[in-house]
Amino acid sequence: MKILVIGSGGREHTLCWKIKQSPKVEQVYCAPGNAGTALVAENLGIAATDIAKLAEFAERNKIDMTVVGPEAPLVEGIVDEFEKRGLRVFGPSRKAAYLEGSKIFSKNIMKKYNVPTADFKVFTESADAIEYIEQKGAPLVVKADGLAAGKGVFVAKNTEEAIDAVKTILDDEVFGEAGSQIIIEDCLMGEEASILAFTDGKTIIPMASSQDHKRVNDNDEGPNTGGMGAYSPAPVVTDALMKKINDEILIPTIKGMEKEGVPYKGVLYCGVMVTKDGPSVLEFNVRFGDPETQVILPRMKTDIVDLFDAVIDGKLKDKKIDWENKDCVCVVMASGGYPGKYEKGIEIKGLEAAAKLKDTVVFHAGTALDGEKIVTSGGRVLGVTALGKGIKAAIDAAYAAVSKISFEGAHYRKDIGKRALNR
Ligand code: AMP
Ligand code: GLY
């Protein structure tokens, strides 16, 4: 088979790496990819959102299956366009992708089908939103309705912060059209976990649990990032909790989407807050998580291409997923200054030494080739990932690999996996 993966981050390197292990696969392409995907796939000079060019490439080169990494092309309808042309593609349709593309749509689905989530209200006028905040009091969470590259959520500890967030989104229009409507929701307390599940619209198969580390500094301090590391499994997700998440969140959401006439297929990513009253949905994403994918796929023993095929063909009920009985930890090495301003083009050293370590893979996120050299080209540069027997061994192995790698200005969290260790 010839498979095309769309995207250019750590998630896509991990997808290419896992797909390449399938005995059915001869060739993987990645559009546009990075220096890491170039090791396992052929990179294409086509942007992830250039749907017409991607479809033309898939037709011309007889691509057997396309796997979409990021949300933007999904929300723009890449799956609808590929299907219209008779091309096999893994991901939800444009309308189904609104579960991530519009927080209002997603909240309304949850409300209608009794899926636990924080109470919320929708606003389009800042004066109304501010009146609501003053009456309700903090803490509150203010969210832009549309896609904002992970930057559209403001967790406000006091009313001033909440009002500032409203003004930033509705008055200053920093997210443009994506911020023409907002939601203000109650602030949930607890520990977060990520649950990703395959679904063909009828059957749902959850993957192993994981936990992301969103803040830039140790002990969850500093600004939010795209994710500074992850581990799997997340011990907060016990078997009993997983059953609850399946029964109360995944099943009613997928059934609800079918009833709405927008059947959902692909991966559903559910960000959960484990509160004292049970699991509550923070957000849905319509794709694999980043960096969750980096710790889930190395534990997956099953051929992922078989799972993609089963989802596309509506035959997931015949499948099961086998998991490696090891823990996996991914430590993200970021550019100096990230998540603020940072330089690009800095040489990365020590990648070969790290790659020689047992049970270790260095997934590339923001990297590029500069002649023979591999250089930085983004904020999150590498996802240094290792498996181990038990969380302690996995943490030690990941940091042992990190210690081999260097680039000027590099920073990373020193406490990835600590929460699991403390349990
Ligand atoms: P989202 O992109 O909606 O997942 O939000 C990003 C982050 O904001 C989440 O991972 C949580 O840490 C936080 N967050 C979002 N919604 C809430 C909420 N209702 N209560 C508390 N924290 C939240
Ligand atoms: N790790 C969060 C996300 O993929 O959106």
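Below, all heavy atoms of this structure are taken into account, side chains as well, without hydrogens, waters or symmetry copies. Whatever order the structure lists them in is the order used to number ligands and atoms, beginning at 1. What you are looking at is a predicted structure, and each value in this text was computed from that prediction instead of being measured. In this chain, numbering begins with 1 at the start of the sequence shown.
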Lys/Arg N to Asp/Glu carboxylate O, Arg413 vs Asp220, below 4.0 Å | yes
Using a strict cut-off of 4.0 Å, indicate which atoms of ligand 2 neighbour a heavy atom of Asn285.
-> 3 (C), 5 (O)
Between Met189 and ligand 1, which part of the residue brings a heavy atom under 4.0 Å of the ligand: side chain, backbone, both or neither?
-> neither
Sub-4.0 Å heavy-atom contact, Arg11 with ligand 2 = no
Walk me through it: do Asp186 and Lys136 pass the test salt bridge (charged side-chain N to carboxylate O under 4.0 Å, His left out)?
-> CA-CA 9 Å; Asp186 293 354; Lys136 182 109 187 174; 3.3 Å; yes
Relative to atom 15 (C) of ligand 1, which among Met273, Glu283, Lys143 owns the nearest non-hydrogen atom?
-> Lys143
Less than 4.0 Å between a side-chain N and a carboxylate O, is that true for Arg287 and Glu100?
-> yes
Ligand 1 contact on Asp186 by region, counting heavy-atom pairs under 4.0 Å = backbone
Run the contact test for Tyr269 against ligand 2 with a 4.0 Å cut-off on heavy atoms, strictly below, and give the result.
-> yes
Glu292 N/O to ligand 2 N/O under 3.5 Å | yes
Has Thr117 got any heavy atom lying under 4.0 angstrom from an atom of ligand 1?
-> no
For Thr117, the option from Lys111, Glu283, Lys107 that meets side chain to side chain donor-acceptor pair (under 3.5 Å) = Lys107
Note the single closest protein heavy atom to atom 13 (C) of ligand 1, along with its residue, its atom name and the distance in Å.
-> Val155 CG2, 3.7 Å
Taking N or O atoms only and a 3.5 Å limit, does Asp212 qualify as a polar contact for ligand 2?
-> yes
Over-ring placement of Lys414 relative to Tyr412, 6.0 Å and 45° cut-offs | yes
If you have a sec, work out which protein heavy atom is nearest atom 19 (N) of ligand 1 and how many Å separate them, to one decimal?
-> Glu185 OE2, 2.7 Å
Taking the non-hydrogen atoms of Gly271, is any one of them nearer than 4.0 angstrom to ligand 1?
-> no
Report yes if some N/O of Ala118 lies less than 3.5 Å from some N/O of ligand 1; otherwise report no.
-> no
Ionic contact status for Arg88 with Asp309, cut-off 4.0 Å | yes
Note: ligand 2 atoms sitting under 4.0 Å from heavy atoms of Gly289 are 4 (O)
Verify whether one side chain among Thr37 and Asn43 offers a donor that lies under 3.5 Å from an acceptor in the other.
-> yes
With backbone taken as N, CA, C and O and side chain as the heavy atoms from C-beta onward, which portion of Leu282 lies under 4.0 Å from ligand 1: side chain, backbone, both, or neither?
-> both
If you measure from OG1 on Thr66 to CG on Leu87, what distance do you get to the nearest 0.5 Å?
-> 6.5 Å
Return the residue, atom name and 0.1 Å-rounded distance of the protein heavy atom closest to atom 8 (O) of ligand 1.
-> Val153 CG1, 3.5 Å
To the nearest 0.1 Å, how far is atom 9 (C) of ligand 1 from its closest protein heavy atom, and which atom is that?
-> Glu192 OE1, 3.7 Å
Roughly how far, to the nearest 0.5 Å, is the CG atom of Asp359 from the OG1 atom of Thr385?
-> 11.5 Å
Check the angle between the aromatic planes of Phe123 and Tyr132 and answer parallel, tilted or perpendicular using the 30° and 60° thresholds.
-> tilted
Contact partition for Leu188 relative to ligand 1, non-hydrogen atoms under 4.0 Å | both
Carboxylate-amine/guanidinium proximity below 4.0 Å for Asp396 and Lys392 = yes
What's the spacing between Ile321 CD1 and Phe198 CZ if we round to 0.5 Å?
-> 5.0 Å
Identify, by atom number and element, the atoms of ligand 2 in contact range of Arg287, meaning under 4.0 Å from any of its heavy atoms.
-> 3 (C), 4 (O), 5 (O)
For ligand 1, find out whether one of its N or O atoms is nearer than 3.5 Å to an N or O atom of Asn224.
-> no
Which atoms of ligand 1 sit under 4.0 Å from any heavy atom of Lys214?
-> 10 (O)
Please determine, by modelled atom types, if Ser102 and Asp145 share a side-chain donor-acceptor pair under 3.5 angstrom.
-> yes
Shortest reach to atom 4 (O) of ligand 2 by a heavy atom, considering only Asp290, Thr225, Leu196 | Asp290
